[in-house]
Visitor: 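Okay, handing you the structure first.
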Amino acid sequence: MMPELPEVETVVRTLEQQISQCQIRSVRVYYDKIVGDPKRFTDCLSGQRFRYFSRRGKYLLFQLDRNTLVVHLRMEGKFYIQDPREPLNRHIHVVFDLDNGMELRYMDTRKFGRMEVLPKELDLKNFHGLGPEPFDPIFDSEYVYAFLKRKKAPLKSVLLDQSFVAGIGNIYADEILAKIGIRPKMSARRLSKKKCEALVEAVQEILANSIELGGTTIRSYTSSLGVAGRFQTKCMVHLQKICPKCQREIKMVRVAGRSSYYCPHCQKS
DNA sequence: CCAAACCCCTGCATGC
DNA sequence: TGCATGCAGGGGTTTG
């Protein structure tokens, strides 16, 4: 569950394979709050084609002919391409009827996900107040050091702050901290320049590795092709009991309202 | 300016 | 067995 940047990237690539250039014939909305105004949403999208697929942070961006459809999957949002004869279940809230005879279905058990229709040209720099993409060259150790210097909050809270860097969620935050050997509660402004360099490397390496593997599958995540991610086999601390490095017990604390796993032996404060 | 608390939802675990 | 209770969690909003 919990699609983070690598999972969103996987969804983008998968949907691109499956529905690129497909036309939306019509849209059915079964739960209004996900799309805001369902009439505007439906009217706006009908007749347009999916032209280009991308991502900003954890937001999916579907470039259409006249608009961009923006989707945030939040906790449990998933897309499926299904035959219209396949019965709908009670967690499918939005259905796009496509001109290839299939349906793009949005399923979301907790109904936390959101969709919005925006102008075609987006200001991706300030989009939803997001900070830099993790692979953007401006996300470097100088940027990180300067940002962290003015934060006395726990380092993990800052990693989860999408205005610091876009796309990191609870799982990867734990893994990044494990990689640089820092405990989640350490005050952000105490991180040394050296550790800031390590942080940038860890963020990029962990996310890239996970994208490579097709995203994580902790709890229930599967891509829309139904392929389970394999990142979970790589988790050092998140949801773990024993540290794979030193064989000692993993501890769990709450930071910024999130369960945070770390190894007290391998990670320092 | 910043940070903490609250809200949205449902499935699942727990307790009696 | 069945019902009530409470918890997780991203990000927007509200409150301190």
Side-chain angles (χ1 to χ4, degrees), chain A residues 1-11 29-38 55-61 70-79 88-94 105-116 118 124 126-134 146-177 184-191 203 207 210 215-222 229 231-232 235 237-240 250-262:
Chain A
M1 108 174 211
M2 282 177 281
E4 301 184 28
L5 185 151
E7 292 73 32
V8 175
E9 183 69 33
T10 303
V11 173
V29 177
Y30 297 98
Y31 183 78
D32 293 355
K33 284 187 75 171
I34 287 177
V35 306
D37 178 353
R55 174 194 63 70
R56 176 77 171 89
K58 302 178 201 172
Y59 291 84
L60 290 155
L61 307 175
V70 176
V71 179
H72 197 298
L73 303 170
R74 293 284 184 95
M75 310 298 296
E76 306 201 342
K78 291 171 197 68
F79 279 107
L88 294 174
N89 71 41
R90 63 195 211 88
H91 300 303
I92 292 173
H93 308 304
V94 184
R105 295 176 170 181
Y106 178 73
M107 180 160 112
D108 189 348
T109 345
R110 290 196 182 157
K111 301 178 175 172
F112 275 10
R114 292 293 178 263
M115 299 186 188
E116 54 185 338
L118 294 179
L124 290 178
N126 297 313
F127 185 68
H128 282 268
L130 297 180
E133 286 292 316
F147 196 101
L148 298 186
K149 259 288 160 275
R150 59 189 173 87
K151 298 282 183 184
K152 69 173 181 187
L155 180 56
K156 171 147 178 190
S157 314
V158 183
L159 285 175
L160 296 173
D161 177 355
Q162 303 297 300
S163 74
F164 168 57
V165 59
I168 296 172
N170 199 36
I171 298 168
Y172 295 109
D174 280 357
E175 294 304 305
I176 289 158
L177 290 168
K185 279 189 172 171
M186 185 178 130
S187 175
R189 62 181 175 196
R190 291 185 48 242
L191 205 70
V203 166
L207 294 179
S210 179
T216 174
T217 189
I218 288 175
R219 306 219 192 151
S220 66
Y221 175 79
T222 53
F231 182 78
Q232 83 284 0
C235 274
V237 289
H238 192 81
L239 294 180
Q240 302 301 304
I250 297 289
K251 280 224 180 308
M252 201 269 273
V253 290
R254 292 194 70 77
V255 179
R258 303 283 182 270
S259 306
S260 305
Y261 297 79
Y262 71 99

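These numbers were taken from a predicted model, which means no experiment stands behind them. All chains are named by letter (A, B, ...) in the order of the sequence lines, taking the proteins before the strands, and each is independently numbered beginning at 1.
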Visitor: Once the angle between the rings of Phe127(A) and Tyr59(A) is folded into 0 to 90°, is it parallel (under 30°), tilted (30 to 60°) or perpendicular (over 60°)?
Guide: perpendicular

Visitor: Look only at the side chain of Glu116(A) and the backbone of Val35(A), and say whether a donor-acceptor pair between them is shorter than 3.5 Å.
Guide: no

Visitor: What does Arg114(A) touch in the nucleic acid at a heavy-atom separation under 4.0 angstrom: a base, only the sugar-phosphate, or nothing?
Guide: nothing

Visitor: Could you work out, with side-chain hydrogen bond (donor to acceptor under 3.5 Å, both in side chains) as the rule, every residue matching Arg74(A), not counting sequence neighbours?
Guide: none

Visitor: Report yes if some heavy atom in the side chain of Cys235(A) is under 4.5 Å from a heavy atom in the side chain of Tyr261(A); otherwise report no.
Guide: no

Visitor: Where each pair must be Watson-Crick or G-U wobble with both distances under 3.5 Å, what dot-bracket representation of DNA chain C is obtained, with crossing pairs in [ ] and other-strand partners as |?
Guide: .|||||||||||||||

Visitor: Could you tell me from which nucleotide to which nucleotide of DNA chain B, 5' to 3', there is an atom under 4.0 Å from chain A heavy atoms?
Guide: dC2(B) to dG11(B)

Visitor: Looking at Lys152(A), I'd like to know if its NZ atom is crowded, meaning that more than 12 non-hydrogen atoms belonging to other residues, nucleotides or ligands lie closer than 6.0 Å.
Guide: no

Visitor: Scan the side chains in residues 155-166 of chain A for donor-acceptor partners under 3.5 Å anywhere in the protein, sequence neighbours excluded, and list what turns up.
Guide:
{"unit_1": "Lys156(A)", "atom_1": "NZ", "unit_2": "Asn170(A)", "atom_2": "OD1", "d": "2.5"}
{"unit_1": "Lys156(A)", "atom_1": "NZ", "unit_2": "Asp174(A)", "atom_2": "OD1", "d": "2.7"}
{"unit_1": "Lys156(A)", "atom_1": "NZ", "unit_2": "Ser259(A)", "atom_2": "O", "d": "3.4"}
{"unit_1": "Lys156(A)", "atom_1": "NZ", "unit_2": "Ser260(A)", "atom_2": "OG", "d": "2.9"}
{"unit_1": "Asp161(A)", "atom_1": "OD1", "unit_2": "Ser163(A)", "atom_2": "N", "d": "2.9"}
{"unit_1": "Asp161(A)", "atom_1": "OD1", "unit_2": "Ser163(A)", "atom_2": "OG", "d": "2.8"}
{"unit_1": "Asp161(A)", "atom_1": "OD2", "unit_2": "Ser163(A)", "atom_2": "OG", "d": "3.3"}
{"unit_1": "Gln162(A)", "atom_1": "OE1", "unit_2": "Gly167(A)", "atom_2": "N", "d": "2.8"}
{"unit_1": "Gln162(A)", "atom_1": "NE2", "unit_2": "Leu160(A)", "atom_2": "O", "d": "3.1"}
{"unit_1": "Gln162(A)", "atom_1": "NE2", "unit_2": "Ile168(A)", "atom_2": "O", "d": "2.9"}

Visitor: With a 3.5 Å distance limit and no angle check, can you tell me whether Glu133(A) reaches the backbone of Gly57(A) through a side-chain donor-acceptor pair?
Guide: yes

Visitor: Does His93(A) reach the main-chain N or O of His91(A) with its side chain, forming a donor-acceptor pair under 3.5 Å?
Guide: yes

Visitor: Could you run down nucleotides 10-16 of chain C 5' to 3' and tag each one B, S or - for protein heavy-atom contact under 4.0 Å?
Guide: BBS----

Visitor: Considering only heavy atoms from C-beta outward, does the side chain of Arg55(A) approach that of Leu5(A) to under 4.5 Å?
Guide: yes

Visitor: Looking at every strand, decide which applies to Ser259(A) at a 4.0 Å heavy-atom threshold: base, sugar-phosphate, or nothing.
Guide: sugar-phosphate

Visitor: State which residues pass salt bridge (Lys or Arg N to Asp or Glu O under 4.0 Å) with Lys58(A); sequence neighbours excluded, sorted by chain then number.
Guide: none

